> 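Just dropping this structure here.
To find a chain, count down the sequence lines: A is the first, B the second, and so on, and within it residues start at 1. Reckoned from all heavy atoms, side chains included, excluding hydrogens, waters and symmetry mates. Please read all numbers here as calculations on a predicted model, not as lab measurements.
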Amino acid sequence: MSASAAQKVDPAQATLWARHYAGHDMIGTRTFGFWLYMLTDAMVYAALFASLGVLSHAVNLAGGPSPSAFINPIYAYGETITLFLSVLIYGYSMVALKNGNRGAVIGSMFVAMLLGIVYLVIAGVDIGNMFAHGIFPQVSGFLSIFFTIIIYHALHILVGVVWMLVMMVQIAREGFSANVIYRLINLRLFWHFQAVIWVFVFTFVYLQGMVA
Amino acid sequence: MLVHLQGPWSPLLGRLTLQQIPYHVPILMVTFIVVAILAAVVLAAATYFGKWGYLWREWLTTVDHKKIGVMYILLGLIMLLRGFADALMIRTQQAMAVGPSSPGEMGAVHGYLTPFHLGQIFTAHGLIMVVFAATPLLVGLMNIIVPLQIGARDMAYPYLNALGLWLTTAGAALVMLSLFVGNFAHGGWYGFVPYFELPYSPGVGVDYWMWTFQLSAIGTSLGSINLIATIVKMRAPGMTWMRLPIFTWASLSTNLIALTSFPVLMVALALLGLDRYVGTHFYTAGMGGNLMLYNDLFWVWGHPEVYFLILPAFGIMSEIIPTFSEKTLFGYATMVIASFAIGGVSWGVWLHHFFTMAATPSVNSFYSVTTMLVGIPTGVKVFNWIFTMYRGRVRYELPMLWALLALFLLLVGGMTGMMNAFASNDYMWHNGLFVVAHFHLMVLTIAASIFGAVEYWFPKVFGFKLEQKWGTWFFWFMVIGSGITFVTMFFLGFGGMTRRLDYIPYTQWSPYLHIMLLGMVFYVVAVLFFVAHLYVSLRDRVKNRAGADVWGTGRSLEWATHSPVPAYNFAITPNVNARDEWTWRKENGLTELHPGDYEGIHMPKNTGVPLFLGILFMGLGFALIWRIWWLALLCVALIVALIIIRSFDRDTDMTIPAHAVEQVESGARDEMSATMPTAGVRGGTVIAHSIPQSGTGGISGSTTSTSPSWAPMDR
Amino acid sequence: MFIKNKRYKMWAQMVLPPALLALGGCSDSGLYLLKPEGLMSRTFYHYFILDVVIMLLIVIPTTLLTIWAMWRYRKGGKGSYHPTWSHSNAIEAIVWGIPLVTVGILSYLSVKAIYDVNPYNPGVIAKAQKADGGDPVEVDVIATDWRWLFIYPQQHIASVNQLVVPVGTPVKFRLTSTSVVNDFLIPQLVGMIDVMPGMRTKQALVADKAGTYIGFSADYSGAGLSWMHFQTKAVSAAQFAQWVKSAQQSPQHLSYAGFNRFAKPYIAVGGDQQTFGNVQSGLFDYVIGEVMRGKVWRTPMAMTENMVNYMQKQRAEQKAGDY
Ligand code: HEM
Ligand SMILES: [Cu+2]
Ligand SMILES: [Cu+2]
């Protein structure tokens, strides 16, 4: 009945020490950890969206404006297009990475970064417009979570932009070392993830707000 | 300024003024003097003995998972002591301030602590015990043991590991700072809204609470990423899932809980922060806020968190009990399933922390039932431990005593938890001492397994056993103290007494409060015994030297390397052939730990960056607490800069040359038995050299290189 | 009285562990939960005893089994030694089965109990009321920092830190708070319900026996919490009518504006009971509305950080009087 797996290996022939064991694969380990990190960020967003659900009732407007009154879809469309374009172009730079083409990687990453900056500008104008109309996070519970989500997402874009800048320098300096490669892969995950999150922001914050 | 603040604010110093130093509070001043003297002594000693270089090389900049684990445990023990001092003060106040005629001293109406002061103490007690004592102790243990059990050289991300440690330490340091600069939150460790909003908690206390909590949350999440990746990616060849030691399984399930739940805590705290700093309305009663949202978010983390703490404790028990029963663990697969069942169910029960918040009966019924479901896998575990002893040969050494104490505490704690889960009961004693007694039994379960684990694995890390005499006294005084204090507390729970009272109007409760104080006396004595335990162990360390398989009946891989463990853990990565690999090797006479023919070993290099980041984060926390905006901005800028600079560093790894490995290995003591007669001879040279003299380090002891020693720590 | 006292008491005495009984039975032990004097608390007690007994049926044998295994299989003892024995389907079935069945039974009881003492519509009170008819007494409870205000809207009176209820008649509460969350608890009569600002919760009770019972806030609400307790006087119907009449005579009145002053943070160190002979109607809903619109009675910093000085000042300034 013994559940011990002892009988399965013949002790006389057993290998006790894994000589020349190469150890773990560094890039795989690093990207795995980054997936885990993204899971935590996904949980942050989940909690934020849950809060949005809780704070989206009429009582949470506290007499302040309802989203349908002030959301301007033009900006959201603009953000959608720039972000998705940026992700697409980042994808090209990954293709270039497979071909080992340094110039193409840097070039397309530069464009992706510029698009990220455009996104930030659009978001800034959008938020600035709302502020100009007296629509502040302090006005009501709903507006608090509304601004928190869009600003938190914009902060991620900012991090992505800075990261791309750093990566362009690193590629230029040391080419495609293991360190650079795992970072590029992680940055790709990160950037795609922002696009995925944006789909949720767009649907639950903007679209839902507009029809509410 | 973004929000209306009571009290002064200046651009240079924020809310910080001289009045914030509590020099008029005698208790705090005495504490300050004691802490200052202790700090001075430690610093002077480090300077006098020329240990700064050693501290810097071997500890402050280390990325070695064992040393980081040791530091986590040290932090946990220090904070445990602080939390205990808090508990002592709470119990004293409550025993003194009973009935309208009880006298008041030092500014209090009754007893010697004002509600404001007591409030800070119980808030700090709770927060410290949960996130700055229990969590670091368990994280430290997982840090040390998991890589050893799976045959890895280190964690998946050694640098991140150090960062987690220093972030947690930064949080703990801020908690301690709040004693002497400003004040701490005064409402309870889990926070209340809207009580923690600015209008009702105008001081900096809540900000201290919030940022320290946040720092530890970040630190723990980083740690959980690391442990999961380590377990998934770093297992030695042959270490299949179903051969994983149970403690590693428990670590995996517990860190999955942490990974997914801590972000929710961060959100809960961040939204409160926005309310307090920016003036938003997440949790306010008016203006479209929703104060129940906080309770949901907090306890969506809070309940999984308690299981985050108990699962490693279960894991520890599942390691110790088979070793000292000299027998295979009963129901391995069941244990694994139960661990994950507990982890899974823990996500669906949070509402039992506020059954009284007027949810509909159907909702309360749902959460009542889900909560009781947790009792099933927990019960299964208890039975499995019993059946592990059954047909075994149980040895009552100290680790086993602690594990069994944990088992008994779990029986009572689990039963009272089930009584809480019965919602109609909870309506009567929610927020009361019954609940407090329940979770203290659970937390004592954790504490008992931690002490067991420290006894059990200490020799593995340090190379010598802890002595048994004072340890046994310590054990029994803990048992008696816990019994007296918490059994009595259940009675007060039946009295309907609620938590956090500064003054108790009903003299009928007085006898119970005094009995509890008596229990605390036993605890105080126990602490003294603990100190004696450590002191005598250190003094007799040469006599108590231990070999690889310290207890003689160790079962998993950590016993298949030398004690103390060398920096690289295993000179050659082991190949795993069975579930209890070490037992299997012993059964088949394959216990040779000197495979010979070593190769160079690739290891991460020490780095000071995590320490600096920790310091910067502490500065950031301090700046935000006191609303010193320029300092906050500066810290953020430096943090970003440091992270980027570090990302350019290519000099992060090193190779321990084969001859060095050879040297360490040949000097290591690896006798299987606990008695180690030839230790001094065989291990002598290397051990002596590995006690770094000032200015020297490294295994040869004669070099002046600044690299750390690779030989095991042995002091 | 709706449900006979006797049945529960006897039942309990048969099964309660003797130690508990000795303490619970003794008249002034302070173990109030074990001496229920109201319909709601008696219902709790009934289920509580059931719950404990069922669980002890499992926990005591388990404890004995543990001790037996520890003794029997100690090293050098008489137990047989099978170092690799680690699996048995029969035992696995039992160790999963026992907790499963127990939890099943307990879950059933728990759900039943939740409906029986549901604060919004307690099953036991509904049943009793159907049998008896009779109009419930309504009480609006407002928790301030740090006093309890009990408004009797039907009688237009209010009482501070003192709740008077007629024995045997259902009392229905609506509760709210001005500032932070409190918990309303009278251990011998009824369990807790949260009292939340800007929101309305409900609770109900029936007192079995005349007497004075302690009541307090169970959720941490700040510096004055320890003094935020109240007396509950359960009196006969005639005495209750008498009390209402005398309260209505009270010269002190409570208007909306007066309430704004009343609700300022105040630590009721002396118990500080008080009655208002005339309360502006709709005060309860007015308070909820105000809080929802963002009204805040903020706690002065001095009050938390230097409470004693504050209390002296408070005494001098705010003599109990007409608000
Ligand atoms: C069988 C397992 C358990 C059950 C059924 C259970 C049930 C409960 C319930 C229903 C409460 C809420 C009581 C109230 O606030 O009114 C509670 C509180 C608590 N439990 Fe448990 N529990 C169990 C195990 C644990 C474990 C393993 C731990 C910790 C290691 C733990 C720690 C706590 C803590 C800390 C609180 C109170 C938090 C606070 O109010 O400060 N419990 N438990
Ligand atoms: Cu405690
Ligand atoms: Cu819980």
Side-chain angles (χ1 to χ4, degrees), chain A residues 2-9 11-12 14-21 23-25 28-30 32-34 36-37 39-48 50-51 54-55 57 59-64 137-145 147-148 162 166 169-170 173-174 177 179 183, chain B residues 153 156-157 160 221 225-226 228-229 232-234 236-238 242-243 259-264 266-268 271 274 278-282 284 286-290 293 296-297 300 328 332-333 572-575 577-580 583-585 587-588 590 592 595 597 599 602 640 644 647-648 650:
Chain A
S2 161
S4 99
Q7 272 62 42
K8 284 180 195 149
V9 179
T15 315
L16 294 185
W17 307 104
R19 284 184 192 280
H20 317 301
Y21 177 61
H24 57 286
D25 129 56
T29 309
R30 298 282 166 126
F32 180 75
F34 200 76
L36 293 178
Y37 151 73
L39 186 57
T40 65
D41 207 18
M43 287 304 300
V44 169
Y45 276 112
L48 287 176
S51 307
V54 171
L55 293 171
H57 302 281
V59 64
N60 303 109
L61 295 176
Q138 290 89 340
V139 171
S140 70
F142 169 76
L143 286 176
S144 301
I145 188 70
F147 280 107
T148 302
V162 174
V166 171
V169 178
Q170 292 195 349
R173 272 170 63 117
E174 61 185 88
S177 66
N179 259 317
R183 282 175 193 158
Chain B
R153 289 252 156 80
Y157 321 113
L160 205 64
S221 315
I225 291 180
N226 211 339
I228 295 173
V232 173
K233 288 284 186 186
M234 308 279 284
M242 286 321 267
R243 285 178 183 166
L259 184 77
T260 43
S261 69
F262 269 90
V264 183
M266 293 181 203
V267 171
L271 299 189
L274 286 172
V278 187
T280 52
H281 292 284
F282 287 104
T284 51
M287 305 295 286
N290 187 331
L293 177 62
D296 277 306
L297 289 177
V300 164
T328 318
Y332 173 90
I572 296 178
T573 301
N575 189 49
N577 302 287
R579 181 176 292 161
D580 287 332
T583 303
W584 178 82
R585 289 192 186 190
E587 278 168 7
N588 296 298
L590 304 169
E592 175 57 58
D597 227 352
E599 294 173 4
H602 193 74
V640 173
I644 293 179
S647 80
F648 280 89
R650 285 293 154 269

> Backbone N or O of B/P263 within a donor-acceptor pair of the A/T40 side chain at under 3.5 Å?
no
> Heavy-atom cut-off 4.5 Å, strictly under: side chain, backbone, both or neither for A/R30 against chain B?
both
> Heavy-atom distance under 4.5 Å to chain A: side chain of B/S261, backbone, both or neither?
neither
> Do you know which of B/A156, B/A268, B/G288 has the most heavy-atom pairs under 4.5 Å to chain A?
B/G288
> Quick one: does B/T280's side chain get under 4.5 Å of A/I145's, heavy atoms only?
no
> Below 4.5 Å from any heavy atom of chain B, which atoms of A/V139 appear? Answer side chain, backbone, both or neither.
backbone
> For B/Y332, is it the side chain, the backbone, both or neither that has a heavy atom under 4.5 Å from a heavy atom of chain A?
neither
> At a 4.5 Å cut-off on heavy atoms, which part of A/V59 comes close to chain B: side chain, backbone, both, or neither?
backbone
> Which one wins on heavy-atom pair count under 4.5 Å against chain A: B/N290, B/T284, B/T583, B/N226?
B/N290
> Is B/L160 close to chain A through its backbone or its side chain, or both, or neither, when contacts mean heavy atoms under 4.5 Å?
neither
> Using non-hydrogen atoms and a 4.5 Å limit, figure out which bit of A/T148 sits close to chain B: side chain, backbone, both or neither.
side chain
> Drop me the distance from B/K233's NZ to A/D25's CG, to the nearest 0.5 angstrom.
6.5 Å
> Go through the atoms of B/V267 and report whether side chain, backbone, both or neither lie under 4.5 Å from a heavy atom of chain A.
side chain
> Is there side-chain contact between A/S51 and B/F282, with at least one heavy-atom pair below 4.5 Å?
no
> Sort B/M287 into side chain, backbone, both or neither according to what part of it lies under 4.5 angstrom from a heavy atom of chain A.
both
> Are A/Y21 and B/N575 close enough, and set up right, to give a side chain to side chain contact (heavy atoms under 4.5 Å, CB included), and what steps lead you there?
CA-CA 9 Å; A/Y21 177 61; B/N575 189 49; over 6 Å; no
> So do B/S221 and A/Y37 actually touch side chain to side chain, heavy atoms under 4.5 Å?
no
> Using modelled atom types and a 3.5 Å cut-off, is there a donor and acceptor pairing between side-chain atoms of B/R585 and backbone atoms of A/L16?
yes
> Determine whether B/I225 and A/L39 make a side-chain contact, defined as any pair of heavy atoms from C-beta on separated by less than 4.5 Å.
no
> Against chain A, work out which of B/V300, B/V640, B/L590, B/V264 has the most heavy-atom pairs shorter than 4.5 Å and name it.
B/L590
> Specify the closest pair of heavy atoms between A/V9 and B/R243, including all atoms of both residues, with the distance to one decimal.
CG2-NH2, 4.2 Å
> If I take atom CG from residue A/N179 and atom CZ from residue B/R650, how far apart are they, to the nearest 0.5 angstrom?
4.5 Å
> Is there a side-chain contact between B/F262 and A/M43 (heavy atoms, below 4.5 Å)?
no
> Mind running side chain to side chain contact (heavy atoms under 4.5 Å, CB included) on A/V162 and B/I644 for me, showing each step along the way?
CA-CA 10 Å; A/V162 174; B/I644 293 179; 4.1 Å; yes
> If you round to the nearest 0.5 Å, how far is CZ of A/F32 from OH of B/Y157?
7.0 Å
> So which part of B/L274 gets closer than 4.5 Å to some heavy atom of chain A, the side chain, the backbone, both or neither?
side chain
> Provide the closest heavy-atom pair for A/A14 versus B/W584 in the form atom of the first, atom of the second, distance.
CB-CH2, 3.4 Å
> Determine whether A/R19 and B/D597 satisfy the following criterion, side chain to side chain contact (heavy atoms under 4.5 Å, CB included), listing intermediate values before the conclusion.
CA-CA 9 Å; A/R19 284 184 192 280; B/D597 227 352; 3.6 Å; yes
> For chain B, find which of A/L48, A/L61, A/L55 contributes the most heavy-atom pairs closer than 4.5 angstrom.
A/L55
> Specify which of B/P595, B/A236, B/A333 makes the most heavy-atom pairs with chain A at under 4.5 Å.
B/P595
> Please classify the contact between A/H57 and chain B as side chain, backbone, both or neither, with a heavy-atom cut-off of under 4.5 Å.
neither
> Is chain A contacted by the side chain of B/V232, its backbone, both, or neither, given a heavy-atom distance below 4.5 Å?
side chain
> Any chance you could measure A/W17, atom CH2, to B/E592, atom CD, to the nearest 0.5 Å?
8.5 Å
